Amino acid sequence: MLVTAEDPLKVIERVIDDPGLSFIARNLVTPPWKDEVNRRPFLRRKLQKVLGAPERRVKPKLFINAEKRNLSLAIQRGADFFIFARSKNGYRQILEDLFFCRFEKVNDFLSDDIRDIWQMYNEGKPYIFVHSPYQAWKCGVEVGFKPSFPKDWDEKKIRRKMRMGDARTWYVTGKPRFKKRIKHFCRVIERSDELLPLIIKGVEYGEGAKDYLRACLLLGPSFVCEVDGKPVCWSGTHLSGTMGMIYTPPEHRRKGYAESLSAFQIDYMLEHYRIAVAHVVYGNRASERLLQSFGAVHSPGTITWRTLNWPKRMWKRLEV
């Protein structure tokens, strides 16, 4: 059975011992942009057009499994879940509890908020979007959830995704120390969607990406490397606080722009948070080598961003 945690940050500290994953979990509970949104009604109104009802995003819930021997947690924000456990049994137990809706207070999960989100994004069909270590998603499939993949994926790609995660997590800790590696002019842009037309060019997030990317730019810092006033490389910050979306157009590659911008962004994150965390798509060796050159450490395993649907036979239990 899943119970609501009274002190989420203490639970995260007790359960997650990896600095990179702990950083993500803490930011999901207490987003670094929360106070800024509360202080600026204009920004809040703008975000309502982007995300629907942003208050859902800033009031997450953290659940823990009543079986204390299997230390595990699930952070819920709308239909999004970050799930972490210290063992496969821990993952399986918490996914079983989610699948069968074993909550101490089931209304903490099955609220009007999540029903609205199901209606908005999945024609009312119940689902969870898993942003978690791959083991969580895999156990979700094993206990009965139905995996959902883009329609244009072929069987070969689906089989590969069933065996592996989507990205690796890397992190750098300590004080800012990479100034000497910044060989080109770089600047930070605070809470502005100035870079949106450029950011969109460098990502392949599928339908709806524009709204998500605008939210990222409005809520967190973005970064750009410029030569003669023209952008040659750019990057952003995800809602979880992780670095990402870095892109260098083909005509500007192999000139050191990505290294300069990465050094600039990592130093910014270290100055503000004492940690810089990034996800690198599985198989992107060039980006991993760049992060390793900054002394980045790899969190164990891989991470996923995938949808799990309840089969129709379970809809009655969910009152759908």
Side-chain angles (χ1 to χ4, degrees), residues 16-28 30-33 36 131 166-192 194-196 198-199 201-203 213 215-227 231-249 252-303 305:
I16 307 178
D17 53 9
D18 178 81
L21 298 178
S22 177
F23 172 80
I24 295 168
R26 293 197 311 271
N27 281 347
L28 292 174
T30 308
W33 39 263
E36 186 74 12
H131 167 202
D166 299 320
R168 297 181 190 268
T169 304
W170 295 82
Y171 63 88
V172 181
T173 58
K175 297 180 180 180
R177 55 190 183 275
F178 301 111
K179 186 176 181 179
K180 291 183 178 180
R181 295 183 64 173
I182 305 172
K183 306 295 186 182
H184 308 86
F185 175 75
C186 299
R187 63 184 174 97
V188 60
I189 304 169
E190 297 282 3
R191 296 182 171 87
S192 166
E194 173 189 340
L195 293 182
L196 184 61
L198 298 177
I199 290 285
K201 294 179 181 179
V203 299
L213 294 172
C216 291
L217 297 176
L218 292 174
L219 290 172
S222 51
F223 306 84
V224 61
C225 177
E226 296 173 329
V227 174
V232 294
C233 183
W234 49 83
S235 64
T237 310
H238 290 284
L239 297 182
S240 61
T242 60
M243 304 184 303
M245 301 168 276
I246 188 168
Y247 182 72
T248 307
H252 297 306
R253 292 175 185 171
R254 291 184 169 83
K255 298 177 182 178
Y257 300 144
E259 180 178 353
S260 289
L261 191 63
S262 296
F264 182 80
Q265 186 172 5
I266 289 172
D267 269 358
Y268 176 95
M269 301 301 286
L270 294 178
E271 180 181 355
H272 287 79
Y273 307 110
R274 287 291 184 266
I275 186 171
V277 182
H279 296 308
V280 178
V281 174
Y282 192 82
N284 186 347
R285 300 301 183 192
S287 292
E288 290 190 337
R289 286 195 295 269
L290 179 59
L291 284 171
Q292 285 177 305
S293 74
F294 289 103
V297 178
H298 171 221
S299 298
T302 57
I303 202 163
W305 300 275

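From a predicted model like this one, the values you see are computed outputs, not experimental measurements.
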Q: Report yes if some heavy atom in the side chain of Q265 is under 4.5 Å from a heavy atom in the side chain of S235; otherwise report no.
A: yes
Q) Any side-chain heavy atom of L21 within less than 4.5 Å of one from Y171? A) no
Q) Is any side-chain heavy atom of R191 closer than 4.5 Å to a side-chain heavy atom of L218? A) no
Q: Working to the nearest 0.5 Å, report the span between CZ of F294 and CG of D267.
A: 8.5 Å
Q | Rounded distance (nearest 0.5 Å) linking atom CD1 of I182 with atom OG of S260 | A | 7.0 Å
Q) Hey, does V224 have a side-chain heavy atom less than 4.5 Å from the side chain of L261? A) no
(Q) Which heavy atom of K180 sits nearest to which heavy atom of K183, and what is that distance? (A) O-NZ, 3.1 Å
Q) Would you call D18 and P300 a side-chain contact if the rule is heavy atoms closer than 4.5 Å? A) yes
Q. For the rings on W170 and H279, is their centre-to-centre separation under 6.0 Å?
A. no
(Q) Quick check for you: to the nearest 0.5 Å, what is the distance between M243 atom CE and S262 atom OG? (A) 7.0 Å
Q: Using modelled atom types only, decide if a donor and an acceptor are shared between the side chain of W234 and the backbone of L198 within a distance under 3.5 Å.
A: yes
Q: For the residue pair L239 and P31, establish whether any side-chain heavy-atom pair is separated by less than 4.5 Å.
A: no
**Q.** Step-by-step side chain to side chain contact (heavy atoms under 4.5 Å, CB included) determination, V227 to Y257
**A.** CA-CA 9 Å; V227 174; Y257 300 144; 3.7 Å; yes
Q) Quick one: side-chain hydrogen bond (donor to acceptor under 3.5 Å, both in side chains) pairs with a partner in residues 236-246, sequence neighbours left out? A) Y212-H238, S240-T242
(Q) Pair Y247, I199 - check side chain to side chain contact (heavy atoms under 4.5 Å, CB included), show working. (A) CA-CA 8 Å; Y247 182 72; I199 290 285; over 6 Å; no
Q: Could you tell me which non-hydrogen atom of I16 sits nearest to which non-hydrogen atom of A25, and how far apart they are?
A: CD1-CB, 3.8 Å
Q | Exercise: do S22 and R26 side chains pair donor with acceptor under 3.5 Å | A | yes
Q.
Measuring from atom CD1 of I246 to atom OG of S287, what distance do you get when rounded to the nearest 0.5 angstrom?
A. 7.0 Å
Q: Looking only at non-hydrogen atoms, find the nearest pair between I275 and T173 and report the distance.
A: CG1-CG2, 3.8 Å
**Q.** Closest non-hydrogen atom pair, V172 against R177
**A.** CG1-NH2, 3.4 Å
**Q.** Smallest separation among heavy atoms of V203 and M245, with atom names
**A.** CG1-CG, 3.9 Å
Q: Kindly compute the distance separating OG1 (T169) from CD1 (I303), expressed to the nearest 0.5 Å.
A: 4.0 Å
Q: Report yes or no: does S293 contribute a side-chain atom to a donor-acceptor pair with the main-chain N or O of L290 at less than 3.5 Å?
A: yes
Q. So, R274 side chain and K175 main chain: donor-acceptor pair closer than 3.5 Å or not?
A. no
Q: Please report the closest heavy-atom contact between W305 and H131, naming both atoms and the distance.
A: NE1-CD2, 3.2 Å
**Q.** Minimum side-chain heavy-atom gap D166-T302 below 4.5 Å
**A.** no
Q. Are the ring centres of Y268 and F223 closer than 6.0 Å?
A. yes
Q: To the nearest 0.5 angstrom, please state how far the NE2 atom of H184 sits from the CZ atom of F264.
A: 14.0 Å
Q. Does the side chain of H298 reach to within under 4.5 Å of the side chain of L291, using non-hydrogen atoms?
A. no
(Q) Once salt bridge (charged side-chain N to carboxylate O under 4.0 Å, His left out) is applied, do any residues pair with E259, and if so which ones, sequence neighbours excluded? (A) R181
